[in-house]
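Beneath this line is the structure, given in structure tokens, with notes to follow.
Positions are given from 1, in the same order as the sequence printed here.
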Amino acid sequence: MLRDGATTRTRLAATGDLPSVNALHARCSRQSLVLRYLSGRRRLSAAEWRVLTSPAAGLTWVTHPADEPDRVIAVTHVLHTERTPGLPPDRDAGPGPAELALLVDDVWQCRGLGSALTRQAVTVARQQGHSELHALVLADNRPALALARSLGATVTSQGSQCTVRLSLTRWDGTAPRLLRGADAGVRPPVKPRRAVPDGATAPSPSG
């Protein structure tokens, strides 16, 4: 439940959600898309969405109003990233760092949804054993940077962009054990209803 009393539901995304996700992109303003992608991307291809919803890539959630299951109003990603580019992953070292990315429908912004989804992403990333959650944020995205700092993240300015890094390890350097299902704060995957595009063009992902 959001600050204004509206109720939303969040579940793991499926490949069949792409039309609804692209409809979300079509409704979003250019500013919202730039804040998400650092460009005005208007559509996700089927191949990009398959990658983003693949367990090998990480976790992706879609959020919809409680009474409109086919209307996606937010997409959240927690994606695996390499510790050291070019080197094979260390299977004994856990999942390593993860990247957070979030897109919220303009109509649903400034109502507490983005903050709630960010906090959920932090919780799940920690439960999954990730050592760090990071994101690239535009320097003028003050609400996102304020939220990151409130969660204990470090913010490093790089011109017009900022790198946000939040450590997820405990003081002893370890991460909590993996939790699944309801304990992970999301509903298990369900077969999505067949979504029909709303006729507008929509975008693609860039991590």
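For the pair Val34 and Gly40, the tightest heavy-atom approach, listed with the atom from each and the gap, is CG2-N, 4.0 Å. Listed here is the closest heavy atom pair of Leu166 and Gly152: CD1-C, 3.7 Å. Across all non-hydrogen atoms, the minimal contact from Leu168 to Ala125 is CD1-CB, 3.6 Å. In plain terms, the two heavy atoms of Gln109 and Ser32 that are nearest each other are NE2-OG, 2.8 Å.
To the nearest 0.5 Å, atoms CZ (Arg50) and OG (Ser45) are separated by 7.5 Å. Distance check, rounded to the nearest 0.5 Å: CD of Gln158 to OG1 of Thr156 gives 6.5 Å. Distance CG/Leu33 to CG/Leu24: 8.5 Å, rounded to 0.5 Å. Put simply, CG on Leu138 and CD on Gln31 are 9.5 Å apart, with the number rounded to the nearest 0.5 Å. Note that the CZ atom of Arg126 and the CG atom of Leu133 stand 9.0 Å from one another [nearest 0.5 Å]. Going from atom CG of Leu59 over to atom CG of Leu79 covers 8.5 Å, rounded to the nearest 0.5 Å.
A salt bridge does not link Arg30 to Asp106: none of the charged nitrogens lies less than 4.0 Å from a carboxylate oxygen.
No side-chain heavy atom of Glu99 sits under 4.5 Å from any side-chain heavy atom of His80. Between Arg11 and Val62, some side-chain heavy-atom pair lies under the 4.5 Å cut-off. Within the 4.5 Å cutoff, no side-chain heavy atoms of Thr63 are placed close to those of Val72. Counting heavy atoms from C-beta on, the side chains of Leu103 and His77 never come closer than 4.5 Å. With contacts defined as side-chain heavy-atom distances shorter than 4.5 Å, the pair His134/Pro97 qualifies.
The hydrophobic cluster containing Val155 also includes Val137, Leu145, Val164, under a criterion of side-chain heavy atoms closer than 4.5 Å among ILVMFWY residues, counted directly or through chains of members.
Evaluation of the side-chain contact (heavy atoms from CB on, under 4.5 Å) rule for Ala56 yields Ser54 as partners, not counting sequence neighbours. Take Asp140 and apply the side chain to side chain donor-acceptor pair (under 3.5 Å) test, not counting sequence neighbours, and it matches no residue. With sequence neighbours excluded, no residue satisfies side chain to side chain donor-acceptor pair (under 3.5 Å) with Thr154. By the salt bridge (charged side-chain N to carboxylate O under 4.0 Å, His left out) test, Asp4 is found to be paired with Arg111, residues two or more places apart in sequence or in another chain being considered. Applying the side-chain contact (heavy atoms from CB on, under 4.5 Å) test to Thr53 and every residue at least two apart in sequence or in another chain returns Ala13, Thr15, Trp49. With sequence neighbours excluded, the residues that form a side-chain contact (heavy atoms from CB on, under 4.5 Å) with Ala121 are Trp61, Thr76, Val78, Leu100. Qualifying side-chain contact (heavy atoms from CB on, under 4.5 Å) partners for Pro65, counting only residues two or more places apart in sequence or in other chains: Asp67, Glu68, Arg71, Ile73, Trp108. Under the side chain to side chain donor-acceptor pair (under 3.5 Å) criterion, Asn141 pairs with no residue at all, not counting sequence neighbours.
Residues Thr123 and Gln120 bring no donor and acceptor atom of their side chains to less than 3.5 Å of each other. Between the side chains of Thr10 and His64, no donor-acceptor pair of N or O atoms lies under 3.5 Å.
Note on Leu147 and Val124: same hydrophobic cluster, where clusters join Ile, Leu, Val, Met, Phe, Trp and Tyr whose side-chain heavy atoms are under 4.5 Å apart, directly or indirectly. Under a hydrophobic-cluster definition in which Ile, Leu, Val, Met, Phe, Trp and Tyr are linked whenever side-chain heavy atoms come within less than 4.5 Å, directly or via other members, Val51 and Val75 are assigned to different clusters. Residues Val21 and Val107 do not share a hydrophobic cluster, clusters being chains of Ile/Leu/Val/Met/Phe/Trp/Tyr side chains in contact below 4.5 Å.
Judged as a salt bridge (charged side-chain N to carboxylate O under 4.0 Å, His left out), the pairs with a partner in residues 141-166 (not counting sequence neighbours) are, in order, Glu132-Arg165.
Judged by distance alone, with hydrogens and angles left aside, the side-chain atoms of Arg36 form no donor-acceptor pair with the main-chain N or O of Val104 at under 3.5 Å.
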Evaluate the criterion side-chain hydrogen bond (donor to acceptor under 3.5 Å, both in side chains) for residue pair Ser115 and Thr118; output intermediate values, then yes/no. CA-CA 5 Å; Ser115 297; Thr118 298; over 6 Å; no
